[in-house]
Amino acid sequence: MLSAALHGVSAERFTVTLEPSDSAPVIHPEIYGQFAEHLGSCIYGGIWVGEGSGIPNTKGYRNDVLQAFRDLKIPVLRWPGGCFADEYHWTDGIGPRENRPRMVNNNWGGTVEDNSFGTHEFFDLCELIGTEPYLSGNVGSGTVEELAKWVEYITAEDGPMAKKRKENGREKPWKLKYLGVGNESWGCGGHFTPEHYANEYRRYQTYCRNFGDNRLYRIASGASDYDWRWTDVLMKNAGRHMDGISLHYYTVKGWNGSKGSATEFDDDTYSWTLGKAVEIDSVITRHSAIMDKYDPARRVGLLVDEWGTWWDVEPGTIPGHLYQQNTMRDAMVAALSLNIFHNHTDRVRMANIAQIANVLQAMVLTRDAEMVLTPTYHVFRMYIPHQGARLIPLEVVGPDARDSKGRRYPLLGATASEKDGKVTVSLANTSLSEKAEVEIPLGSIKAAKVSGEILTSADIHDLNDFDAPDKVKPVPFKDARISKGTLTVKLPPISIVTLTLD
Ligand code: AHR
């Protein structure tokens, strides 16, 4: 049930107290990471169409999607899975495309792929959009030798793997920082016990070498949701051999049966969605506390390398392709989740929303030559100023809401940061019916001007589709003013705003 306050008539009032501090942490840009899996039309069709395609492309990558990704300033991109990673054999995806073997994507609908998008295509994509690559290595069905040689192929100046790479057209080694050793190794990545996986992790990471001046950041396959034991055993048995450990958390009803429609939901389901989404806060806190037992200095990062909403696929699409629509509800989940990651910068060093195109809570949806930007895309774009900015801790005083399970979630989501003398404040009014009036005393922050953008819609179900690609899009925001050292903001229901103070 939505709280009674949601159905009142007057605007809700909030005060946000900002507490700027030079010792506050800097928000890791990598929290704005993305994830691209060989799944449905994420890679094939969504990003890669091949050079011979009638869809306008640059070296096989769709031009519209490339531009959308560039505009998003994506700091890091995880590839090739996901569950796919543990069945992927990288040697199938190098060399002349016409000679590459075809493969069955067993995890995702049994689709046959031609391996035309492989290592070179991925690294070239990262260069084209200015993003750091994050490789997910095959532990489940691969070998130590296979993963070790992949690292050598990519990063060595010289030697047999470098020779092969050069023969395939890439003279200079690439840089590879982020290396995942398996994915969901407790499940699709091999159904390991944590004890067994910890041993395998130690073995694999030993042979993934630093060539030249390349330095790997080695990431162990971590827990999902509430699996505290996985984190505990891994940290105890292998913590000192890793730089990061992953965490997967989806806003999903459950793993069996219907997950609910992406587009048709009632107020209670909306409320449940936000309650479930913000529960990631306590999940991170608890995994982090377990990590503290073995790593009190917080050297090891917690990387939320899969997160987002997971609904039923769009009617008429292939169930194994996980193609779902994206409404203002998803935009709210994005905003509230990013706010939470900001508050955990001491442990959460990266997050990768699932996924970048045509899968789950996507940034872009494509249909043949058409593309739409989703409401979630717009949130990521509006939040760019927070990347690499110093967090401004804050407190919100005002009403909040509870979902049907009693989980508290904010009626006003808020986060703030400062970079290059500019303060950015992002606010989300999650109420379906009430305006929010927000007062923010600026204290020591010297600002005379405020400007901003708003993403809002009359109906939480609103979305962008190929017939109406711009139904939900940010527009300039006028309802903020600074007077006598206080910023006052009036937000309509269902709105997300980012303000810049000068
Ligand atoms: O993102 C879709 C899938 O969700 C990934 O392949 C897997 O890691 C997770 O279960």
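One-based numbering, in listed order, for ligands and for the atoms of each. All figures in this text were calculated on a predicted structure; none of them were measured in a lab. Sequence positions, counted from 1, serve as the residue numbers for this chain.
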Should we count CZ of F466 as having more than 12 external heavy atoms under 6.0 Å?
yes

In terms of atom number and element, which parts of ligand 1 are under 4.0 angstrom from non-hydrogen atoms of Q355?
1 (O), 2 (C)

Are R229 and E195 within salt-bridge range, i.e. N to O under 4.0 Å?
yes

Exactly one of W90, W79, W150, Y153 clears side-chain hydrogen bond (donor to acceptor under 3.5 Å, both in side chains) with T119, and that residue is W150

Salt bridge flag under 4.0 Å for residues E314 and R367
no

Using heavy-atom distances, let me know which of W307, W310, W108, Y250 sits nearest atom 1 (O) of ligand 1.
Y250

What is the ring orientation for Y32 with H342, classed by angle as parallel under 30°, tilted 30 to 60°, or perpendicular over 60°?
tilted

for atom 10 (O) of ligand 1, nearest protein heavy atom and its distance come out as E184 OE1, 2.8 Å

A354 N/O under 3.5 Å from ligand 1 N/O:
no

Below 4.0 angstrom from a heavy atom of C83, which ligand 1 atoms are there? Numbered from 1 as shown, please.
5 (C), 6 (O), 7 (C), 8 (O)

Has R329 got its NZ or CZ under 6.0 Å from the middle of the six-membered ring of F265, at an angle within 45 degrees of the ring axis?
yes

At under 4.0 Å between heavy atoms, which part of V359 makes contact with ligand 1: side chain, backbone, both or neither?
neither

When distances are taken from atom 7 (C) of ligand 1, the protein heavy atom at minimum range is E306 OE1, 3.3 Å

I'd like to check which ligand 1 atoms, numbered from 1 as shown, lie under 4.0 Å from a non-hydrogen atom of E37.
1 (O), 2 (C), 5 (C), 6 (O)

Per-atom contacts of ligand 1 with N183, taking only distances under 4.0 Å to non-hydrogen atoms:
8 (O)

Going by the order shown, which atoms of ligand 1 are within less than 4.0 Å of some heavy atom of L360?
1 (O), 2 (C)

As a test of understanding, state which of R286, R299, R298 forms a salt bridge (charged side-chain N to carboxylate O under 4.0 Å, His left out) with D292.
R298

Output, in order, the C-alpha distance, side-chain angles, deciding distance and verdict of side-chain hydrogen bond (donor to acceptor under 3.5 Å, both in side chains) for Y409 and D281.
CA-CA 11 Å; Y409 66 88; D281 194 2; over 6 Å; no

By number and element, which atoms of ligand 1 are closer than 4.0 Å to a non-hydrogen atom of F35?
1 (O)

